[in-house]
There are 2 protein chains.
Amino acid sequence: MQSFTEENYLKVIYHLAEKTETVQTNAIAEQIQTKPASVTDMIKKLADKGLVDYVKYQGVSLTEKGKSAAIDIVRKHRLWEVFLVDKLNFKWDEVHDVAEELEHIKSIDLIERLDEFLGFPKADPHGDPIPDKHGRFAKTQFIKLIDLKVGDSGTITGVSQHSSAFLKHLEKLGLTLGKQIHINDVTDFDGSVEILSSEKQINISREVAKHILISSNGKI
Amino acid sequence: MQSFTEENYLKVIYHLAEKTETVQTNAIAEQIQTKPASVTDMIKKLADKGLVDYVKYQGVSLTEKGKSAAIDIVRKHRLWEVFLVDKLNFKWDEVHDVAEELEHIKSIDLIERLDEFLGFPKADPHGDPIPDKHGRFAKTQFIKLIDLKVGDSGTITGVSQHSSAFLKHLEKLGLTLGKQIHINDVTDFDGSVEILSSEKQINISREVAKHILISSNGKI
DNA sequence: TAAAATTTTTAGATTTACCTAAAAAATTAA
DNA sequence: TTAATTTTTTAGGTAAATCTAAAAATTTTA
C-alpha cells in the first residue's frame, strides 16, 4: 500500500511518461510543486519499493507494478470526476482539484460500486478514457480537430488541454463533449477554423483546434 | 484549516464530550489508537490554535471554534454515510471506515452539492442526526426501546451502538431503520423484550433493547 | 572539445505526528 | 492522611516528507 504522497508521485510519473520514455527529476518537481532534491529522495524510496526503475542522473520510469498502481489512481480520479459532473452538477472545469483528493480514498469495494452506480462510464468529463478494474483502457479513435479537412464532420469526444481557462472558453463557445461539428473553412492566413455546431457558425483559433479531440462519424 | 490528524482529534473530542463535560487524555488516546503522550502533544497544538480549552491535568473541551469545526466533520461523515448506503448500496455496518476517510475531503462546494443530491437528509443510516450547513441539528425525540412499556408502539429511528456486530445482529432480526414495532411483553426474569415487527414475533435481549432508538407514533 | 549552463544529487536541517521511559500530579485505597 | 495506583506530562528520539546550499554529473554552446 502506498502513501498519499507516493500515489501522487506515481500518478505524475505516469502522465509524464506519456510524452517521454524516461521522466526527468525537474519535470516531476514542477508537477508536484516541490523541489528537485525532494523528488530525488522520493524516487529512491519508490525504487526501493520496486515501483520505479531508476538510474542516477538518467531519469525514472514506472515498473509494471508501479504502472498498475498509477493506472489504479487514474481510474479513481476519472470515476470521481464523472460522479462530480454527472451527479453533483459540477462544471467540467471545476472538478479536477476535488477529484485530486478523492482519488486517494482507499477501498476496493467503494470504487467498484461507484463504477456501477455511474453506469460503467468509458470516459471522464474531458473525454479521457477510464481504465477498467483490470487496468485496461478501451481503444478510442481520436483525431485532433486541427487535422480535419474542410467538409469533414464528427463529434467532440475529448480535449487534450485541461486548464480551467481553456475549458471555460469551450463552454462559452458551446463546444462541449458530444457536440456535432462540421468543418466549413480553414483560414490560410492564421490557421483558424470555421466550424458549424448546433446551427451556429463558430470561429476557433488554431491553438484551440489543436486541443479538441474528434471521433469521426462523417466522411473523412 | 486543520490537518487530517487535527480533524480526527476534534471529532473524537466532540463525541467524547457528549458523555463527560471535559475529556480525558487517556480516553482520547484510546479512541485515536495512540499513546497518551502523543495526545498531550496534539492537545497543546490545538490549544495554541484556539480550538480547545486546556488546563494541564484537567482535561480538554472544545472552544466554540473547535466545536464548529468538529460539527462540520460530523456533517461530512454522516452525509457520506447516506451516500454510501442510499446510492452505492453499502450495508449500514460497512460504511464507517470509508466515511472516516471521505469526511476529510476539503471542499465547501462538494458537501453542499452532495447534501442536495441526497435530498437534504436529516439522519444518517444509523439514525444519527445530520447538522445543516450552519451546524444546527434538527431536534429529534428519541426513546430507548428498553424504556417502552407493554402495549407501546413506535418506529425504529436510530441506534446508540455502531459496532458492526450489533448492526449485523439487527439486520438478521429484520430490525432496520423505519421498521414499525410493538411491545408485546417484557420478561421479568432477564429484562428481555418480546416485540412484534412486520407480523413477526421477535425476542431481543435487554442489552440490545438499550441501543435501539424509537420515535413514538403510537400511544405511549 | 573545453567552457558554460543546466540538471541532478548529496548533506544536513526542519516540521509533523508519532514513540518510549521517566517524572509529576491527581485520585483512590488502606 | 499517608501510601499505592492511575493519569498525565515532560524529555528526548524516530520516520516521513519536505527544505536550502553546495557538489557532482550531464548537456549545450561556442
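In what follows, chains are A, B, ... by sequence order, proteins preceding strands, each numbered from 1. A quick note: this is a predicted structure, and the numbers were derived from the prediction, not measured.
Taking atom CG of A:Asp41 as the reference point, atom P of C:dT10 lies 9 Å away to the nearest angstrom. For the pair A:Lys44 NZ and D:dT18 C1', the computed distance is 14 Å after rounding to whole Å. Distance, A:Lys35 NZ to D:dA21 C1': 12 Å, rounded to whole Å. In this structure, B:Ile32 atom CD1 and C:dC19 atom P are separated by 11 Å, rounded to whole Å. Separating the OH atom of B:Tyr57 from the P atom of C:dA24 is a distance of 9 Å, rounded to the nearest angstrom. Nucleotide C:dC18 holds its P atom 12 Å from the CD atom of B:Gln33, rounded to whole Å.
In terms of phosphate contacts, B:Tyr9 brings a side-chain nitrogen or oxygen within less than 4.0 Å of OP1 or OP2 of C:dC18. An OP1 or OP2 oxygen of D:dT8 is reached within less than 4.0 angstrom by a side-chain nitrogen or oxygen of B:Asn26. Between B:Gln24 and the phosphate of D:dT8, there is a side-chain N or O to OP1/OP2 separation shorter than 4.0 Å. At D:dT18, none of the side-chain N or O atoms of A:Thr34 fall inside 4.0 Å of OP1 or OP2 (strictly under the cut-off). Phosphate proximity of C:dT9 to A:Tyr54: present, with a side-chain N or O under 4.0 Å from OP1 or OP2. Distances shorter than 4.0 Å separate none of the side-chain N or O atoms of A:Lys56 from OP1 or OP2 on D:dA24. The phosphate of D:dT9 has OP1 or OP2 within less than 4.0 Å of a side-chain N or O from B:Thr25.
Ring geometry for B:Phe137 against B:Tyr14 counts as parallel: the plane angle stays under 30°, on a 0 to 90° scale with 60° as the upper cut.
None of A:Leu16, A:Thr34, A:Asn8 except one satisfies the side-chain contact (heavy atoms from CB on, under 4.5 Å) rule with A:Ile28; the exception is A:Leu16.
The CD1 atom of B:Ile13 sits 11.0 Å away from atom OH of B:Tyr54, with the distance rounded to the nearest 0.5 Å.
For B:Gly59 and A:Met42, each mapped to the nucleotide of DNA chain D holding its nearest heavy atom, the one lying further toward the 5' end belongs to B:Gly59.
Residue-level contact check: A:Thr40 touches the bases, meaning some heavy atom is under 4.0 Å from a base atom. Residue-level contact check: B:Phe4 touches neither bases nor backbone, having no heavy atom under 4.0 Å from any strand.
Distances were taken from every side-chain heavy atom of B:Thr5 (C-beta onward) to each of C:dC18, D:dT26, D:dC19; the shortest belongs to C:dC18.
We find that B:Lys67 and B:Glu64 are not joined by a salt bridge, their nearest charged nitrogen and carboxylate oxygen being 4.0 Å or further apart. The pair B:Asp72-B:Lys76 meets the salt-bridge criterion, since a charged nitrogen lies less than 4.0 angstrom from a carboxylate oxygen.
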